[in-house]
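This report refers to the structure that appears directly beneath it.
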Amino acid sequence: MAKITMHDGSVQEVSEDDELYLSTLRHSCSHVLAQAVKHLYPNAKLAIGPSIADGFYYDIDFETPISDKDLDAIETEMRKIVKAKEKFEYFSLPREEAIKLMQEKEEPYKVELIEDLPEGELISFFKQGDFTDLCAGPHLQTTGEVGKAFKLRSLAGAYWRGSEKNKMLTRIYGTAFKTKEELQAYLDMMEEAKKRDHRKIGKELGLFMFSEYGPGFPFFLPNGMVLRNTLMDFWRKMHYANDYVEISTPVILSRSLWETSGHWDHYKENMYTTVIDDEDYAIKPMNCPGSILVYQNEPRSYKDLPLRLAECGLAHRHEKRGELHGLMRVRCFTQDDAHIFITPEQIQDEVARIAKLINEFYEVFGFKYHVELSTRPEDSMGSDEDWARAEEGLKNALDSMGLPYVVNEGDGAFYGPKIDFHLVDCIGRTWQCGTIQLDFQLPQRFNLEYMGADGEKHQPIMIHRVCFGSVERFIGILTEHYAGAFPTWLAPVQVKILPVSDKFMDYANKVYAELDRAGIRVKIDKRSEKLGWKIREAQKEKVPYMLIVGEKDEADQTVSVRARGEGDQGACSVADFISKIKEEIATLKK
């Protein structure tokens with residue numbers, strides 16, 4: 001067990017296996033970072049330094065800009081502070097005294113933070129050695145407990161309080177773990193992640209691009225479109241087999257619709273708007289209101305439910321330029337939505353059915369995942385009875401499938417509880433993709449109805465559900481998961497034919513024609529280069545199969561097969577090769 005000091009000065013014991021302990025260790029490390037910076041750069045002004053999912057950061061206003069080369073010196077100073085084992089001491093001050101203290105220390109960002117706090121509130125601080133910081137904690141007992149397993153990783157720019165109107169600060173990112181072994185494992189993972197960066201691989205394989213004329217708006221190139229369309233063919237096949245019907249709704253809809261849905265009041269800053277015929281319109285950030293209009297298009301009976309409406313709709317959301325990141329964070333994306341309208345009695349069965357479908361999706365790509373169930377938050381709407389029934393339905397559905405899950409108390413959406421699926425990729429990173437959300441609010445806002453078996457009108461429950469999440473983001477995740485070496489069924493180019501020399505081009509064209517007729521994605525390397533060079537180029541392109549054709553192959557009417565990652569597979573007839581690869585494609589072999 002370890003002791004940590006809380007925001008009120010009380011000391012609490014927690015297990016070192018508890019997430020709170022690791023978060024506290026990292027936050028304490030951020031204070032050590034800030035103290036080291038003040039030692040080396042006395043005129044630097046401190047902003048905020050929280051712990052985050054994989055480490056911590058501190059935003060700092062430097063008098064003279066620093067670079068990555070300066071991080072080693074800061075880290076060395078941090079190790080001196082850790083070695084000194086200085087105690088983290090809690091104290092609090094009235095608001096005015098707290099402001100005076102930070103003014104004396106010439107920390108304007110801290111002063112601004114205090115001024116925004118309610119009057120009459122005691123302001124908490126933590127002190128270690130010669131350093132004092134405005135902070136609500138928690139912290140370890142001494143700087144020595146931070147240990148030696150920490151690393152400063154990188155620098156980035158960050159606007160004060162996230163506003164482009166404010167000054168750009170320097171954000172120093174770091175990470176910390178309980179042991180050096182855990183730190184090294186994390187650093188190894190991050191190094192592997194650099195090699196797998198989808199932005200780098202996407203450029204090398206000709207999958208997608210971005211332009212200065214549209215920051216955050218991806219362009220899919222020919223190879224990327226093959227990958228994308230193959231994914232969508234798979235998506236449609238899975239949905240049609242599970243009794244979904246596909247719809248398409250407009251990208252631009254009237255302001256009045258978004259007012260009814262609540263987006264205009266609560267999401268407008270993230271929406272792109274326009275004016276048509278002197279009326280306000282918005283480009284949709286979500287697909288759900290369009291699905292609701294489809295539901296309202298005709299009278300509905302309990303016999304029509306569940307009604308499963310699936311839509312891969314293009315959505316637009318404004319993201320700040322500094323937050324854009326390849327396909328992972330964009331301004332337009334395709335959401336593989338489904339909106340399912342059900343009766344209250346159908347919650348458990350339908351949720352289990354959706355969870356089974358999502359599981360089937362992820363198994364195809366070799367993803368493991370964990371599940372989180374988020375329950376009613378404080379600012380929810382709807383009756384206690386509705387929430388109890390919904391939460392029980394979600395729990396029973398997960399239990400009936402034998403799916404282990406973690407309950408996040410109070411973390412549901414304001415309109416209903418939800419289930420989130422967190423994928424784990426091949427290097428251990430997690431990605432939140434699939435989700436199942438129960439919604440009481442939108443059916444109420446739009447006065448949705450169905451005729452019940454009792455002849456009375458009732459309000460349906462709406463389920464929001466995605467499998468991929470964002471198609472663009474899922475392609476980014478897949479690219480990094482496979483490091484661009486997509487399984488044969490997904491690969492933009494499945495086979496590359498490599499003639500030993502130009503005199504075998506006619507036979508190469510004959511082989512090409514046979515594969516093409518069989519529906520295999522095939523190309524010929526027609527360049528007048530040596531065979532070894534062609535093989536290396538195909539390997540760089542991560543093509544699953546290379547077919548080498550030379551004198552003996554033409555004489556025997558065969559091809560010499562090389563498999564990605566496995567090398568020479570020997571010679572076989574074209575018909576046998578086609579049979580083998582078609583089976584691999586049909587079975588979606590990983």
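Counting begins at 1 with the first residue of the sequence.
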Inset, instruction - Please check if the side chain of Gln494 supplies one atom and the backbone of Thr488 the other of a donor-acceptor pair under 3.5 Å. - result: yes
Inset, instruction - Ignoring hydrogens and angles, tell me if any N or O in the side chain of Glu391 forms a donor-acceptor pair with the backbone of Arg376 under 3.5 Å. - result: yes
Legend entry - Side chain His481, main chain Val424, donor-acceptor under 3.5 Å: no
Legend entry - Residues Met271, Arg255; criterion side chain to side chain contact (heavy atoms under 4.5 Å, CB included); working and verdict: CA-CA 11 Å; Met271 296 168 67; Arg255 168 179 174 168; over 6 Å; no
Inset, instruction - Please examine the side chains of Tyr405 and Lys395, heavy atoms only from C-beta on, and report whether any two atoms are closer than 4.5 Å. - result: yes
Legend entry - Short N-O contact, Asp280 and Lys268, less than 4.0 angstrom: no
Inset, instruction - Can you see which heavy atom on Ala355 is nearest to which on Leu403, and at what distance? - result: CB-CD1, 4.3 Å
Legend entry - Polar side-chain atom of Thr175 near backbone of Asp54 as donor-acceptor pair, under 3.5 Å: yes
Inset, instruction - Determine whether Tyr482 and Pro487 make a side-chain contact, defined as any pair of heavy atoms from C-beta on separated by less than 4.5 Å. - result: yes
Legend entry - side chain to side chain contact (heavy atoms under 4.5 Å, CB included) between Leu324 and Arg331, worked out: CA-CA 8 Å; Leu324 300 174; Arg331 288 172 171 165; 3.9 Å; yes
Legend entry - Crowding at NZ, Lys582 (>12 non-hydrogen neighbours, <6.0 Å): no
Legend entry - Val406 side chain near His370 side chain, heavy-atom distance below 4.5 Å: no
Legend entry - Side-chain ion pair, Glu360 and Lys356, N-O less than 4.0 Å: yes
Inset, instruction - Determine yes or no for a side-chain-to-main-chain donor-acceptor pair under 3.5 angstrom, with Lys534 supplying the side chain and Arg527 the backbone. - result: yes
Legend entry - Value rounded to 0.5 Å, distance of CD1 in Ile463 from CG in Asp439: 10.5 Å
Legend entry - From Phe361, Phe474, Tyr240, residue fulfilling ring-ring contact (aromatic ring centres under 6.0 Å, His included) relative to Phe234: Phe361
Inset, instruction - Establish, yes or no, whether the cationic atom of Arg26 lies under 6.0 Å from the six-membered ring centre of Tyr21 and within 45° of the ring axis. - result: no
Inset, instruction - State whether Glu537 and Lys496 are salt-bridged, where the test is any N-O pair (Lys NZ or Arg NE/NH1/NH2 against Asp/Glu carboxylate O) under 4.0 Å. - result: no
Inset, instruction - Hey, could you give me the OH/CD distance between Tyr369 and Gln432, rounded to the nearest 0.5 Å? - result: 13.5 Å
Inset, instruction - Check whether any side-chain heavy atom of Asn270 lies under 4.5 Å from a side-chain heavy atom of Pro285, and answer yes or no. - result: no
Legend entry - Approximate separation, where rounding is to 0.5 Å, of Leu205 CG and Asn223 CG: 7.5 Å
Legend entry - Minimum heavy-atom distance between Gly326 and Phe210, given as atom pair plus value: O-CZ, 3.3 Å
Legend entry - Leu20 backbone acceptor or donor facing Ser23 side chain under 3.5 Å: no
Inset, instruction - State, yes or no, whether a side-chain contact exists between Leu152 and Phe56 at a heavy-atom distance under 4.5 Å. - result: yes
Inset, instruction - Could you check if a side-chain atom of Gln184 sits within less than 4.5 angstrom of a side-chain atom of Asp188, using non-hydrogen atoms only? - result: yes
Inset, instruction - May I ask you to decide if Tyr512's main-chain N or O and Asp516's side chain share a donor-acceptor pair within less than 3.5 Å? - result: no
Inset, instruction - Look at Lys195 together with Glu191 and state whether they make a salt bridge at an N to O cut-off of under 4.0 Å. - result: no
Legend entry - Whether Arg429 side chain and Met190 backbone form a donor-acceptor pair below 3.5 Å: no
Inset, instruction - Of all the heavy-atom pairs spanning Asn166 and Tyr159, show the shortest one and how long it is. - result: O-CD2, 3.2 Å
Inset, instruction - Please check if atom CD in Glu583 has more than 12 non-hydrogen atoms from other residues, nucleotides or ligands closer than 6.0 Å. - result: no
Legend entry - Full working for side chain to side chain contact (heavy atoms under 4.5 Å, CB included) between Leu207 and Phe486: CA-CA 12 Å; Leu207 301 179; Phe486 299 105; 4.1 Å; yes
Inset, instruction - Kindly compute the distance separating CD1 (Ile581) from CZ (Arg521), expressed to the nearest 0.5 Å. - result: 9.0 Å
Legend entry - Step-by-step side chain to side chain contact (heavy atoms under 4.5 Å, CB included) determination, Glu372 to His422: CA-CA 8 Å; Glu372 296 182 0; His422 297 262; 3.4 Å; yes
Legend entry - OG-CE distance between Ser470 and Met328, expressed to the nearest 0.5 angstrom: 9.5 Å
Legend entry - Donor on one side chain, acceptor on other, Glu311 and Ser248, under 3.5 Å: no
Legend entry - Nearest atoms (heavy-atom pairs only) where Ile358 meets Cys467: CG1-SG, 3.8 Å
Inset, instruction - Would you please classify the geometry between the Tyr272 ring and the Phe217 ring as parallel, tilted or perpendicular, with 30° and 60° separating the classes? - result: tilted
Inset, instruction - Would you check if the side chain of Trp258 reaches a backbone N or O of Lys284 as a donor-acceptor pair within less than 3.5 Å? - result: no
Legend entry - Side-chain heavy-atom pair Leu515, Leu547 within 4.5 angstrom cut-off: yes
Legend entry - Over-ring placement of Arg171 relative to Tyr57, 6.0 Å and 45° cut-offs: yes
Inset, instruction - Scan Asp425, Leu327, Leu490 and name whichever one has a side chain to side chain contact (heavy atoms under 4.5 Å, CB included) with Leu478. - result: Leu490
Legend entry - Donor-acceptor contact below 3.5 Å, side chain Thr273 vs main chain Tyr281: no
Inset, instruction - Report yes if some heavy atom in the side chain of Asp420 is under 4.5 Å from a heavy atom in the side chain of Val371; otherwise report no. - result: no
Inset, instruction - Specify whether Phe367 and Phe365 have parallel, tilted or perpendicular ring planes, treating 30° as the upper limit for parallel and 60° as the lower limit for perpendicular. - result: tilted
Legend entry - Electrostatic pair Arg308-Glu350, nearest N-O below 4.0 angstrom: yes
Legend entry - Criterion salt bridge (Lys or Arg N to Asp or Glu O under 4.0 Å) on Lys580 and Glu584, from CA distance to verdict: CA-CA 6 Å; Lys580 176 184 182 300; Glu584 190 173 324; 3.7 Å; yes
Inset, instruction - Hey, could you give me the CG/OG1 distance between Asp61 and Thr170, rounded to the nearest 0.5 Å? - result: 7.5 Å
Legend entry - Carboxylate-amine/guanidinium proximity below 4.0 Å for Arg228 and Glu472: yes
Legend entry - Lys/Arg-Asp/Glu bridge criterion (N-O < 4.0 Å) met for Asp197, Lys203: no
Inset, instruction - Determine the minimum heavy-atom distance between Arg562 and Ile548, stating which atoms define it. - result: CD-CD1, 3.5 Å
Legend entry - Ala390 to Leu438 - nearest heavy-atom pair and separation: CB-CD1, 3.4 Å
Inset, instruction - Step through it carefully: locate the ring centre of Phe446, locate the ring centre of Tyr295, and say whether they are under 6.0 Å apart. - result: no
